[in-house]
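Notes to accompany the following structure.
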Amino acid sequence: MGESWEDRIDMAYTLKELGVDGIPVNILNPIPGTPHGDRKHLAMDEILKTIAIYRIIFRDKVIKIGAGREGILKDFMGMAFMSGANGMLVGGYLTMRGRSAQEDFKFIENIKKMWK
C-alpha cells in the first residue's frame, strides 16, 4: 500500500514485541475505484524478500500468504513457501474471491510433495 522497506521491518518488530503467533501477508491487488486502486502491484521479488525477512525475524511462527497471492504471484505461489511462508488463508477474502478451497487444498498437497 505504499509502505517502505523500513515500514515493513518496523511492522515486523512491532508484531514480534506483541508476541503474535501468526503473521498474515496480504498483497495489495489494486482495484480501480477503491482508495488504493491507483497503486501499482508490488514486484514479485519484493513480496518474496518480505516473506524471507519475516521468516528470519519470526523463526518459529506461522507466516500465512493471503489476499493477492493468486493474482500477483500466479504460478509462482510455491515460491512464497520456498521463501519462508508456512501457511495460507484458504478461499475468499473480504473484498474479492480467492481460489476455491479445493484448489487451495490441491496446492497444499503439491507443496507437501515438494518437501518430501
Side-chain angles (χ1 to χ4, degrees):
M1 293 180 39
E3 71 277 357
S4 68
W5 276 107
E6 185 176 297
D7 294 333
R8 292 179 197 156
I9 301 299
D10 286 346
M11 173 63 77
Y13 282 106
T14 298
L15 293 172
K16 188 169 184 153
E17 287 175 18
L18 292 171
V20 300
D21 291 326
I23 300 91
V25 176
N26 292 305
I27 306 160
L28 179 66
N29 187 10
I31 301 170
T34 64
H36 297 289
D38 60 342
R39 302 275 184 186
K40 291 186 179 186
H41 287 105
L42 274 179
M44 188 183 312
D45 67 321
E46 279 200 57
I47 297 163
L48 299 175
K49 286 176 190 175
T50 300
I51 293 169
I53 290 167
Y54 273 50
R55 172 53 55 216
I56 291 167
I57 295 168
F58 298 101
R59 294 190 195 297
D60 61 344
K61 303 297 182 184
V62 176
I63 298 175
K64 305 174 203 173
I65 55 173
R69 64 184 164 87
E70 303 97 335
I72 309 300
L73 296 176
K74 296 182 173 51
D75 292 337
F76 298 99
M77 262 196 312
M79 292 180 72
F81 289 90
M82 295 171 75
S83 297
N86 59 346
M88 68 181 194
L89 300 171
V90 176
Y93 312 106
L94 294 175
T95 58
M96 53 189 323
R97 282 183 31 186
R99 297 183 336 167
S100 70
Q102 292 79 12
E103 288 176 288
D104 282 338
F105 292 133
K106 183 177 179 182
F107 175 74
I108 291 166
E109 288 304 314
N110 288 332
I111 291 294
K112 286 180 184 178
K113 290 176 189 174
M114 278 183 10
W115 295 110
K116 286 187 177 182

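In this structure, CE on M77 lies 12.0 Å from CD1 on I47, to the nearest 0.5 angstrom. Expressed to the nearest 0.5 Å, how far NZ of K61 lies from CD1 of I23 amounts to 7.5 Å. One finds the CG atom of D45 at 9.5 Å from the CE atom of M79 (value rounded to the nearest 0.5 Å). In this structure, CE on M11 lies 8.5 Å from CD on E3, to the nearest 0.5 angstrom.
Of all non-hydrogen atoms in I57 and A12, the two that sit nearest each other are CD1-CB, 3.7 Å. Minimum heavy-atom separation, A85 to I51: N-CG2, 3.4 Å. Here the shortest heavy-atom pairing between R55 and N86 reads NH2-OD1, 3.1 Å. In terms of heavy-atom proximity, A80 sits nearest to I65 at CB-CG2, 3.8 Å.
Y13 and I53 fall within the same hydrophobic cluster, where Ile, Leu, Val, Met, Phe, Trp and Tyr residues are linked whenever their side-chain heavy atoms come under 4.5 Å apart, directly or through other members. Hydrophobic cluster membership is shared by Y54 and V20, with clusters built from Ile, Leu, Val, Met, Phe, Trp and Tyr side chains linked at under 4.5 angstrom.
Using a 4.5 Å heavy-atom threshold, the side chains of V25 and I63 count as touching. Looking only at side-chain heavy atoms (C-beta outward), R8 and E46 come within less than 4.5 Å of each other. L15 places a side-chain heavy atom less than 4.5 Å from the side chain of F58. Residues T50 and L42 form no side-chain contact, since every pair of their non-hydrogen atoms from C-beta on lies 4.5 Å or further apart.
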(message) The test is side-chain contact (heavy atoms from CB on, under 4.5 Å); show your working for L48 and F76 and say whether it passes.
(response) CA-CA 10 Å; L48 299 175; F76 298 99; over 6 Å; no
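With D7 contributing its side chain and S4 its backbone, the two residues share a donor-acceptor pair below 3.5 Å.
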